[in-house]
A.B. asks: 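Handing you this structure, nothing more for now.
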Amino acid sequence: FAARANAQGWVDVSDPNNTPGGTNRAAMCFDEARGYTLLVRGDETWTYDGVTWTQLTPPTPPSVLGVISSHNTNNVIESCLTYDPIRQVCVLGHSFHYYITPHWRVGVVLYEWDGQDWTIGPTLDHFDKNYSQLSPHVMTLAHDSISGSVIVLTRSAGCQAGCNQTGLRVWRYDANGLTSLTALVNPVVNTHAQFHAAWNDARQRVALVVSDPPSMWEFNGATNNWTP
């Protein structure tokens with residue numbers, strides 16, 4: 001199903017012959033440099049120009065298969081997309097699970113879209129995961145215009161049985177790669193919570209919404225600090 005909004009509400013723009021299939025692992029953003037909406041569904045790449053959905057076949061699909069030597073399946077847990085106007089690329093984050101004795105772990109791999117192909121970026125693979133405890137939601141992305149970089153938020157590692165809260169780790173991703181940031185205060189999220197970040201242009205901050213405990217935070221890219 002696909003829809004767009006106008007002054008009267010949502011309008012169904014689905015094409016039964018050429019529309020991305022439904023999935024809870026899709027992500028999308030507007031690619032300003034190329035003037036279309038970019039959608040990623042697993043390792044599929046789609047664009048929407050306001051009229052037509054087009055499935056692209058880039059040389060390098062954004063797969064999680066083989067990004068870690070012991071990982072041999074393409075089982076994406078979730079995906080996030082954001083546009084980086086500084087470098088004019090779309091940044092994709094895929095999270096996936098894999099097993100290294102004695103724990104299941106969760107990895108995150110980043111990709112960049114330049115309009116022609118996907119380029120694989122850094123991989124984070126430090127998350128211990130207890131499936132009875134943790135939500136599959138482990139990351140979010142947002143571009144920060146103050147620092148001119150993409151802010152990547154991931155769950156902290158090491159939550160084991162009995163744990164009911166995890167912290168968030170904050171990373172800065174730009175042309176220099178991925179850098180871990182240290183803040184005086186980091187948001188705390190409960191184990192089954194969802195959290196989503198977006199750029200607030202009016203306040204010049206990255207805004208973060210957490211479902212449990214219900215809270216809102218702002219990230220100052222000049223000081224690398226969070227305030228509730």
Side-chain angles (χ1 to χ4, degrees), residues 1-6 10-68 71-98 106-125 136-145 148-154 171 173-175 177-178 196-199:
F1 173 78
R4 67 183 178 206
N6 63 16
W10 289 97
V11 177
D12 186 358
V13 295
S14 301
D15 178 348
N17 298 315
N18 191 41
T19 297
T23 177
N24 61 357
R25 296 175 177 86
M28 63 194 306
C29 71
F30 185 69
D31 186 337
E32 294 180 16
R34 285 153 284 276
Y36 52 59
T37 296
L38 179 71
L39 181 143
V40 173
R41 188 185 73 143
D43 59 3
E44 295 180 5
T45 303
W46 293 77
T47 63
Y48 180 67
D49 61 6
V51 178
T52 304
W53 285 98
T54 303
Q55 184 174 7
L56 306 182
T57 55
T60 307
S63 172
V64 300
L65 181 64
V67 297
I68 293 176
H71 182 67
N72 57 8
T73 58
N74 193 21
N75 48 353
V76 173
I77 300 173
E78 66 173 340
S79 303
C80 298
L81 260 176
T82 192
Y83 179 71
D84 182 344
I86 304 298
R87 295 186 297 132
Q88 297 189 332
V89 296
C90 296
V91 178
L92 167 70
H94 274 325
S95 65
F96 57 94
H97 59 256
Y98 63 102
V106 173
V108 172
V109 60
L110 300 181
Y111 276 89
E112 293 182 5
W113 173 253
D114 63 3
Q116 299 296 322
D117 198 9
W118 291 98
T119 300
I120 193 168
T123 300
L124 306 174
D125 65 340
H137 187 72
V138 297
M139 67 166 180
T140 186
L141 308 174
H143 186 264
D144 174 26
S145 293
S149 61
V150 171
I151 300 300
V152 182
L153 288 91
T154 62
W171 309 80
Y173 181 61
D174 55 23
L178 195 66
H196 299 277
W199 173 248

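Counting begins at 1 with the first residue of the sequence. For clarity, every value in this text was computed on a predicted model and none was experimentally measured.
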A.B. asks: Please report the interatomic distance SG(Cys90) to CD(Glu32), rounded to the nearest 0.5 Å.
C.D. replies: 9.0 Å
A.B. asks: Considering residues at least two apart in sequence or located in another chain, which fulfil the side-chain contact (heavy atoms from CB on, under 4.5 Å) criterion with Ile120?
C.D. replies: Val67, Val109, Tyr111
A.B. asks: Using atom types as modelled and distance alone, determine if a side-chain donor or acceptor of Thr140 lies under 3.5 Å from a backbone N or O of Ala197.
C.D. replies: yes
A.B. asks: If we only count heavy atoms from C-beta on, is the Val108 to Trp171 side-chain gap below 4.5 Å?
C.D. replies: no
A.B. asks: Any chance you could lay out the side-chain contact (heavy atoms from CB on, under 4.5 Å) test for Leu81 and Val40, step after step, and finish with the verdict?
C.D. replies: CA-CA 8 Å; Leu81 260 176; Val40 173; 3.9 Å; yes
A.B. asks: Do Asp49 and Thr47 have side-chain heavy atoms sitting under 4.5 Å apart?
C.D. replies: no
A.B. asks: Can you tell me how far the CH2 atom of Trp113 sits from the OG1 atom of Thr60, to the nearest 0.5 Å?
C.D. replies: 9.5 Å
A.B. asks: Roughly how far apart are His94 NE2 and Thr123 OG1, rounded to 0.5 Å?
C.D. replies: 11.5 Å
A.B. asks: Please report the interatomic distance CE(Met139) to CG(Leu153), rounded to the nearest 0.5 Å.
C.D. replies: 11.0 Å
A.B. asks: Using the salt bridge (charged side-chain N to carboxylate O under 4.0 Å, His left out) rule, collect all pairs that involve residues 111-120, keeping only residues at least two apart or in two chains.
C.D. replies: Arg87-Glu112
A.B. asks: More than 12 heavy atoms of other residues, nucleotides or ligands under 6.0 Å from CD of Gln116: yes or no?
C.D. replies: no
A.B. asks: I'd like to check the ring-ring contact (aromatic ring centres under 6.0 Å, His included) partners of Trp199; sequence neighbours left out, ordered by chain and number.
C.D. replies: none
A.B. asks: Could you tell me which residues satisfy side chain to side chain donor-acceptor pair (under 3.5 Å) with Thr45, sequence neighbours excluded, listed by chain and number?
C.D. replies: Trp118
A.B. asks: State the SG-CG distance between Cys29 and Asp84, to the nearest 0.5 angstrom.
C.D. replies: 10.5 Å
A.B. asks: Quick one: closest heavy-atom pair of Ser79 and Leu92, and the distance?
C.D. replies: CB-CD1, 4.1 Å
A.B. asks: What I'd like to find out is whether the side chain of Glu44 reaches to under 4.5 Å of the side chain of Pro20, using heavy atoms alone.
C.D. replies: no
A.B. asks: For Tyr83, give me all partners under side chain to side chain donor-acceptor pair (under 3.5 Å), at least two apart in sequence or on another chain.
C.D. replies: none
A.B. asks: Residues in side chain to side chain donor-acceptor pair (under 3.5 Å) with Ser149, at least two apart?
C.D. replies: Ser147, Arg172
A.B. asks: Rounded to the nearest 0.5 Å, what separates atom CG in Leu38 from atom CG in Asp31?
C.D. replies: 6.5 Å
A.B. asks: On a heavy-atom basis, which atom in Pro122 and which in Tyr173 lie closest, and how many Å separate them?
C.D. replies: CD-CE1, 3.5 Å
A.B. asks: May I ask you to test the Trp53-Leu39 pair for a side-chain heavy-atom distance under 4.5 Å?
C.D. replies: yes
A.B. asks: Is the shortest side-chain heavy-atom distance between Val138 and Ile77 below 4.5 Å?
C.D. replies: no
A.B. asks: State, to 0.1 Å, how close Val91 and Leu141 come at their nearest heavy-atom pair, and which atoms those are.
C.D. replies: O-CD1, 3.6 Å
A.B. asks: Minimum heavy-atom separation for Arg34 and Gly115, please, with both atom names.
C.D. replies: CD-CA, 3.2 Å
A.B. asks: Given side chains that start at C-beta, do those of Leu178 and Leu110 come closer than 4.5 Å, heavy atoms only?
C.D. replies: yes
A.B. asks: Closest approach of Val150 and His143, non-hydrogen atoms and distance?
C.D. replies: CG2-CD2, 4.1 Å
